[in-house]
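Indexing begins at 1, ligand by ligand and atom by atom, following the structure's order.
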Amino acid sequence: MNQSVHQRMQELEQLLNRYNQEYYENDEPSVPDAEYDRLFRELKTLETEHPDLKSAQSPTMKVGGKPLGQFRSVQHEVPMLSLDNAFSVDEFEAFSKRVEQRLDTNQTVTFCCEPKLDGAAVSLLYENGLLVRGATRGDGQSGEDITENVKTIRNVPLKLSGNVPEKLEVRGEVVMPLGAFERFNEQARLREEKVFANPRNAAAGSLRQLDSRITAKRPLHFYAYSLGLISETTQLPDSHHQRLLQLKDWGLPVNIEIKTVDSVQGCDDYYEAILARRDTLNYDIDGVVFKVDSIRLQQDLGFVARAPRWAIARKFPAQEQLTTITGVDFQV
Ligand code: NAD
């Protein structure tokens, strides 16, 4: 019995490692995200049931993919992690209970609710208000230096205004808006060039161009959603939501759908409302993210291997399937 479980776990590890490479390193997935998520969960469940069989190199412990060697490597002083997923309201409630138990509180926890933007995570480092470095998430510990490329994104400020900390690392998502993505692929098809499987891969692929003039021609958009390294935190509010508003004041683009709620019901209402409006947004989202709003409580909760304990992504039901158009995998 354990022999066949072990075999299945090894099989799943190999598959997930392959899919990670296709998705993160080549920007060319061969299976829909829903299939990847199903295999990931199967492996996680087997690892929980058979901890003795879990590999120290398991993909369930890792973030993203290896940074590409063509780029200079950037070490993330504060790791760039992934997010745990909840696929149902019950799983979200279980998360919320775990948070309360860990914090040992019966008090209501305020959550910051945000759309889960389906693009590529980037880190922007500002020194004395000037953009000095842009990096990809990579494997969470080190990413690729894409400074010249992020500088070409029109809504990324090169200079911040106001009383900005000396060192400020802003994290967020780069997306390709839907209309622009369709136009881009249409033109690529006419020129018989590579089409991107979906807007996420288009954003990630566009960011990792060796020639920033190519990135400059891609219609990319940035949304800030958190802070990394900060030289002085004293003047910053304890609330994550308030910090995002502060970023906005300094000139950074922040998504307008973000709001705070004080209950699990409030989180559920937010999820349903955004899901209902998903098709009206001009960028892809694959769920919503709920974050414990208090930074102090976030610090109390801490992290596990690849994700913070204070946040969860509630994913939308899978929409996409892989089809093949003119010999190229294309996701619709
Ligand atoms: P994730 O996309 O599930 O969640 C973490 C990421 O969410 C963050 O790194 C950040 O980039 C992003 N994000 C978007 N909005 C955010 C917000 N408001 N606040 C914070 N973060 C926000 O995790 P991941 O590790 O990037 O990718 C895992 C997922 O990627 C899988 O669940 C799967 O769906 C997909 N994937 C697919 C394949 C495939 O072959 N199809 C392979 C690997 C991964």
Peer 1: Linking Ile, Leu, Val, Met, Phe, Trp and Tyr by side-chain heavy atoms under 4.5 Å, what else ends up with L83?
Peer 2: V289
Peer 1: Distance only, no hydrogens: is a donor on one side chain within 3.5 Å (strictly under) of an acceptor on the other, for N20 and Y36?
Peer 2: yes
Peer 1: Taking 4.0 angstrom as the limit and counting only heavy atoms of L81, give me the atoms of ligand 1 inside it, by number and element.
Peer 2: 9 (O)
Peer 1: Any salt bridge between R200 and D118, counting N to O under 4.0 Å?
Peer 2: no
Peer 1: Listed by chain and number, what are the side-chain hydrogen bond (donor to acceptor under 3.5 Å, both in side chains) partners of D104, not counting sequence neighbours?
Peer 2: none
Peer 1: For P115, counting its heavy atoms only, list the atoms of ligand 1 lying under 4.0 Å from any of them.
Peer 2: 15 (N), 18 (N)
Peer 1: Take every heavy atom of R137, measure it against each atom of ligand 1, and state whether any distance is under 4.0 Å.
Peer 2: yes
Peer 1: As an exercise, identify every atom of ligand 1 less than 4.0 angstrom from a heavy atom of K291.
Peer 2: 17 (C), 19 (N), 20 (C)
Peer 1: Which ligand 1 atoms, with their elements, are less than 4.0 angstrom from a heavy-atom of Y19?
Peer 2: 40 (O), 42 (C)
Peer 1: Counting heavy atoms only, which part of D37 comes closer than 4.0 Å to ligand 1: side chain, backbone, both or neither?
Peer 2: side chain
Peer 1: Using a 4.0 Å heavy-atom cut-off, say whether E22 meets ligand 1 through its side chain, its backbone, both or neither.
Peer 2: neither
Peer 1: Of all the atoms in ligand 1, which lie at a distance below 4.0 Å from a heavy atom belonging to K315?
Peer 2: 3 (O), 32 (O), 34 (O)
Peer 1: Is the shortest side-chain N to carboxylate O distance from E35 to R38 below 4.0 Å?
Peer 2: yes
Peer 1: Measuring from the heavy atoms of L117, does anything fall under 4.0 Å of ligand 1?
Peer 2: yes
Peer 1: Taking distance alone, with no angle check, do D33 and ligand 1 share an N/O pair under 3.5 Å?
Peer 2: yes
Peer 1: Looking at N20, which atoms of ligand 1 are within less than 4.0 Å of one of its heavy atoms?
Peer 2: 43 (C)
Peer 1: Should the pair F92 and F290 be assigned to parallel (<30°), tilted (30 to 60°) or perpendicular (>60°) ring geometry?
Peer 2: tilted
Peer 1: E114 heavy atoms, cut-off 4.0 Å: which ligand 1 atoms fall inside?
Peer 2: 17 (C), 18 (N), 19 (N)
Peer 1: Using only heavy-atom distances, determine whether the side chains of N17 and Q21 contain a donor-acceptor pair under 3.5 Å.
Peer 2: no
Peer 1: I need the atoms of ligand 1 closer than 4.0 Å to a non-hydrogen atom of R306, numbered in the order shown.
Peer 2: 25 (O)
Peer 1: Would you call E169 and K167 a salt bridge, using N to O less than 4.0 angstrom?
Peer 2: no
Peer 1: Applying a 4.0 Å heavy-atom criterion (strictly less than), which segment of V31 is in contact with ligand 1: side chain, backbone, both, or neither?
Peer 2: both
Peer 1: At under 4.0 Å between heavy atoms, is it the side chain or the backbone of Y24 that contacts ligand 1, or both, or neither?
Peer 2: side chain
Peer 1: Quick check: does S30 get an N/O under 3.5 Å from an N/O on ligand 1?
Peer 2: no
Peer 1: Would you call R183 and E186 a salt bridge, taking side-chain N to carboxylate O under 4.0 Å as the test?
Peer 2: no
Peer 1: Any salt bridge linking E11 with R8? Criterion: basic side-chain nitrogen under 4.0 Å from a carboxylate oxygen.
Peer 2: yes
Peer 1: Where on K116 is there a heavy atom closer than 4.0 Å to ligand 1, on the side chain, on the backbone, on both, or on neither?
Peer 2: both
Peer 1: Students often mix this up, so state it plainly: with edges at 30° and 60°, are the rings of F303 and W310 parallel, tilted or perpendicular?
Peer 2: perpendicular
